[in-house]
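Notes for the one structure printed next.
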Amino acid sequence: MLWVDKYRPKTLDQVIVHQEIAENLKKLVTEQDCPHLLFYGPSGSGKKTLIMALLRQIFGTSAEKVKVENRTWKIDAGSRTIDLELTTLSSTNHVELSPSDVGFQDRYIVQEIIKEMAKNRPIDTKGKKGYKVLVLNEVDKLSREAQHSLRRTMEKYSASCRLILCCNSSSKVTEAIRSRCLNVRINAPKEEQIVKVLEFIGKKEGLQLPPGFAARIADKSNRSLRRAILSFETCRVQQYPFSSNQAIPPMDWEEYVSEICSDIMREQSPKRLFQVRGKLYELLINCIPPEIILKKLLSELLKKLDEELKHEVCHWAAYYEHRMRMGQKAIFHLEAFLAKFMSIYKAFLIATFG
Amino acid sequence: MRKMRDTNLMILSSDDEDDCDYKPNSHRSYTKNPKSRSFITRTNPRQPKKPRVSGSRSRFSRDSPNLFEVGFPEEDFEELFSGSKVSAGSGRSNVKELWVDKYKPHSLEELAVHKKKVEEVKSWFEERLKTTKNLQGNLINNVVVINGKAGVGKSTTIHVIASHFGARLCEWNTPTPTIWQEHVHNTNTGIQYTSKLDEFVNFIEKIRKYGLIPSSSSEDTKPSIMLLIDDLPMTNGRVAFERLQSCLLHLVRSTQLPTAILVSDYDEADSADHTARRLEQLQLSLENAGACKVSFNPITINSIKKTLSRICRQEQCSVTDEQLDLIAKGSGGDIRHAITSLQLFCVKPDLVLNGSYSTPSYSFGKEDDIDALVSGISFLFGRDETLSLFHALGKFLHNKRETEVANAITPGDAFLVQENFSRLPLKMDAPEKILCQAHGQARPVTDFLHENVLDFISDEAMDDAWHVSSYFSDSDLLLSSFRGMLARYNEAENVLQSAAASVAVRGVLFGNSHPSPPRWRAVQKPKLWQAEKSMLHNQKEIARQRFIAYNGSSSCNVSDVATEYMPVLKWLEHRASGFEDNQALVYCNKTDDESCDRMSLDDKESDISDDEIEEW
């Protein structure tokens with residue numbers, strides 16, 4: 001088992017990073033009326049961990065006994081029936097799913113599953129009707145229609161189920177949903193906090209940490225706790241005992257992206273663009289999200305660029321990121337950004353060096 | 001079991017409502033006994049009853065329904081006339097008969113088909129007819145496969161040859177499809193539905209096993225028999241196709257009658273179609289089994305013109321030579337079409353007067369409307385000119401332009417554009433028109449252009465590359481807007497699609513202002529397609545593995561798994577398997593890619609990938 005999972009806090013009491021939030025959540029559920037919740041924050045900040053600890057707080061250990069189910073939902077949509085396949089994780093008291101997996105037909109899933117859940121409500125020990133919790137991942141990727149229908153179902157079935165929504169950016173969740181939920185913002189952990197966690201793990205594993213080593217990992221981790229722990233583990237496998245100047249192995253795809261960057265800085269020509277396209281394809285094939293590729297590309301480029309150009313390059317990156325989200329095939333937009341960069345950079349080189 | 005009637009001809013018809021289409025003197029029509037075929041509800045009210053060439057042909061009628069049928073597969077023709085009621089109605093007074101039938105060639109000399117081809121087929125049959133008389137049952141190959149585009153005179157040639165030898169021609173024509181209502185109606189009367197393929201297979205089996213039993217009346221003369229299989233039944237799905245194939249292979253191997261199988265080729269542009277591909281496959285396998293193959297080329301414009309002017313002389317209508325030329329050219333080597341056009345042309349005055357200029361009968365595309373506007377009424381009938389997709393792509397990519405601006409443009413006419421936006425005029429039709437001709441779908445066209453255009457941009461011109469790719473980005477935006485939402489409003493989606501294609505194409509043409517020097521290049525199949533395929537595949541993989549996180553008690557975002565878990569796991573695995581050096585961390589999905597490559601090799605797209613485009 002990876003350390004990320006091994007040392008994931010199981011209960012709200014064990015939480016190291018977001019202790020305050022954990023306290024509040026605990027208070028919230030002990031009063032027996034849990035509102036709908038919306039967790040948002042950057043990846044690797046601990047949203048899921050908190051959600052799971054919260055579920056355990058509410059339902060006890062039964063929340064950990066889950067089964068994975070790959071179900072086909074038959075949905076009657078007016079004139080035709082649609083078959084949608086979706087994997088769900090469920091215990092007796094909660095169901096977790098990522099509705100955005102089914103693409104633009106996600107609205108049906110949201111309605112249908114919530115309706116079904118509302119039908120069979122569990123009865124708790126005191127004979128009172130309890131509620132079920134539905135955990136929806138990646139709500140920000142839900143289509144607009146799905147969010148609207150989610151809003152209606154939230155109102156209609158609020159007696160029988162609670163929703164816990166989880167997403168990276170609340171700006172892509174409609175105002176209507178946000179106002180119906182208690183918003184919980186999970187910040188990315190500070191570097192000191194990450195160091196603290198790493199030291200905690202190191203102690204548990206019985207490792208000697210040279211001074212400053214944990215800080216270096218935290219620095220490289222881009223304030224993602226998951227990232228930090230994962231690279232901590234790779235470091236451990238790479239070399240132990242640690243030396244304080246040990247290289248921290250980067251993610252392979254990140255290396256690949258910086259390779260692309262140095263490619264396009266070295267030569268600007270349609271031919272080079274064509275070569276780079278091949279590399280982009282490879283990244284996409286490996287399911288690296290295009291938004292992340294673009295972001296990483298930009299940050300790598302900014303490291304090497306002259307101050308003069310930074311503003312313009314950022315502008316175009318934003319421009320094409322927007323188009324990428326509107327569009328369908330990311331490669332067109334990624335490539336357009338690279339082409340624009342190459343054309344800017346070439347003009348700059350000519351202007352500077354003649 | 002098989003009765004043969006010695007009528008020259010029997011025409012099958014379901015509802016004989018207007019008899020005025022008949023040529024009353026020489027032919028009679030029979031309605032087939034109701035058991036077999038009385039329930040046909042024809043959708044078009046005036047099915048042309050086509051008198052056939054009188055000759056020694058006769059028709060066999062069997063007890064089982066629908067087996068033999070004399071008909072002529074001229075659906076397009078029927079449509080033409082039934083669809084445009086006005087024109088047909090107005091022209092009926094002077095059009096007694098379709099010229100295609102009236103001037104059907106009766107002798108080998110009259111055939112417009114190339115002499116050599118006719119000779120080839122003729123001598124083939126001659127040989128067979130002789131040998132079958134002498135050495136009955138000798139197993140030489142007895143099948144000729146004739147292919148060619150529609151309307152190049154395949155069936156006519158066979159008919160003429162048959163009458164030339166005085167042979168009796170036994171035909172299989174695909175029976176009229178059973179309509180659902182008809183089937184429902186029939187089930188009450190206890191008639192089983194048999195698929196057309198079943199019927200065909202039965203027919204072939206019987207022919208193969210028993211040959212044709214000559215009728216007693218004609219026993220003394222004993223005319224030789226030729227079998228003609230026009231129009232193979234449509235097969236849907238692999239299984240049906242294989243059945244058809246094996247049945248035909250049996251026929252090729254063991255038939256004792258000289259048999260001609262006619263296969264219509266489709267335009268290249270349509271070859272993405274599965275059926276066309278299958279037909280090719282079928283032909284190949286028949287050939288391998290020993291069938292002789294003759295391909296008919298489109299009929300030359302000259303011989304079409306000759307035929308047309310002969311008809312003109314006989315009909316005494318005055319058509320100028322240029323007009324004939326236009327018709328002949330417009331027909332694209334389809335003589336049937338040319339004759340029909342001529343007939344239509346001769347009744348045209350009525351047509352125009354009746355205001356049926358835009359009769360729905362011309363199911364021609366947009367481009368033809370444009371043509372009609374451009375070249376006036378003379379282009380009212382012409383086959384669609386088609387281009388292969390690769391031809392069109394080549395045009396766009398090579399970006400041929402005039403070398404200098406035509407000075408004739410008056411300043412008032414032209415837009416004033418800045419110098420960096422002005423381009424020399426294109427040396428081709430409007431891009432949209434070319435797209436239409438190539439049946440270009442927006443998405444594939446964009447993908448193809450995207451894959452190939454960079455190769456055509458001069459190495460110095462980075463700005464151009466950006467222009468082009470930004471236009472692709474625009475086009476992608478157009479293609480994806482309202483995705484899924486507009487499924488019901490196809491109209492809007494069509495507009496978007498054509499706009500997107502237009503943006504992509506014009507973007508390529510405009511953006512590539514410094515094309516690289518012309519040379520021979522291959523047009524590549526978009527890698528994007530393969531990339532997308534393997535991406536989907538990997539996504540599924542990852543979705544399955546997403547439960548590795550959180551001890552299986554929760555799921556993880558696909559993107560997190562892909563960007564964080566997978567690399568680390570891979571890395572750890574590398575370590576575990578003993579790769580000690582850091583360089584082992586090369587990008588590790590090479591193997592995946594290779595497997596995908598192999599997967600896509602037998603993919604159907606791959607055979608077009610290496611198509612080469614030459615310089616025009």
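Naming convention: chains lettered A, B, ... in sequence-line order (proteins, then strands); numbering from 1 in each chain.
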Answer key: most heavy-atom pairs under 4.5 Å with chain B among S343(A), A336(A), P270(A) is P270(A)
Has D140(A) got a side-chain atom pairing as donor or acceptor with N168(A)'s backbone, closer than 3.5 angstrom? yes
Honestly, the part of Y320(A) sitting under 4.5 Å from a heavy atom of chain B is side chain
- Query: Where does the angle between the aromatic ring planes of Y319(A) and W316(A) fall among parallel (under 30°), tilted (30 to 60°) and perpendicular (over 60°)?
  - Reply: perpendicular
Would you say W253(A) and E282(A) make side-chain contact, with heavy atoms under 4.5 Å?
no
When the 4.5 angstrom heavy-atom criterion is applied to D474(B) and chain A, the contacting part is both
So, the part of T234(A) with a heavy atom under 4.5 Å from chain B: the answer is both
Inset, instruction - Please examine the side chains of L449(B) and F472(B), heavy atoms only from C-beta on, and report whether any two atoms are closer than 4.5 Å. - result: yes
query = Cut-off 3.5 Å, side chains only: do E432(B) and S502(B) have a donor facing an acceptor?
reply = yes
Of I457(B), D463(B), L528(B), V568(B), the largest count of non-hydrogen pairs under 4.5 angstrom with chain A goes to L528(B)
The interface call for S231(A) against chain B, heavy-atom contacts under 4.5 Å, is neither
Only one of V95(A), L97(A), I51(A) passes side-chain contact (heavy atoms from CB on, under 4.5 Å) with V135(A), and that residue is I51(A)
Donor-acceptor contact below 3.5 Å, side chain N512(B) vs main chain V508(B): no
Turns out that what part of L536(B) lies under 4.5 Å from chain A's heavy atoms comes down to neither
If one checks every heavy atom of R277(A) against chain B at 4.5 Å, the contacting part turns out to be side chain
With chain A, the option among H467(B), E532(B), Q539(B) that has the most non-hydrogen atom pairs under 4.5 Å is E532(B)
So, the part of L273(A) with a heavy atom under 4.5 Å from chain B: the answer is both
Margin query: Within the supplied structure, the quantity of interest is the number of heavy atoms (other residues, nucleotides, ligands) at a distance under 6.0 Å from H322(A) NE2; does it exceed 12?
Written below: no
Bottom line for E460(B): the part with an atom under 4.5 Å from chain A's heavy atoms is both
Max heavy-atom pairs within cutoff under 4.5 Å with chain B, candidates R323(A), E335(A), K65(A), goes to R323(A)
Greatest number of non-hydrogen atom pairs under 4.5 angstrom with chain B, of R227(A), K271(A), K329(A), H333(A), falls to K329(A)
TODO: Would you kindly say whether H94(A) and S91(A) are connected by a side-chain donor-acceptor distance under 3.5 Å?
DONE: yes
Verify, without hydrogens or angle tests, whether Q239(A) (side chain) and C235(A) (backbone) share a donor-acceptor contact under 3.5 angstrom. no
Cut-off 4.5 Å, heavy atoms of chain A, and the answer for S458(B) is backbone
Honestly, the part of K346(A) sitting under 4.5 Å from a heavy atom of chain B is side chain
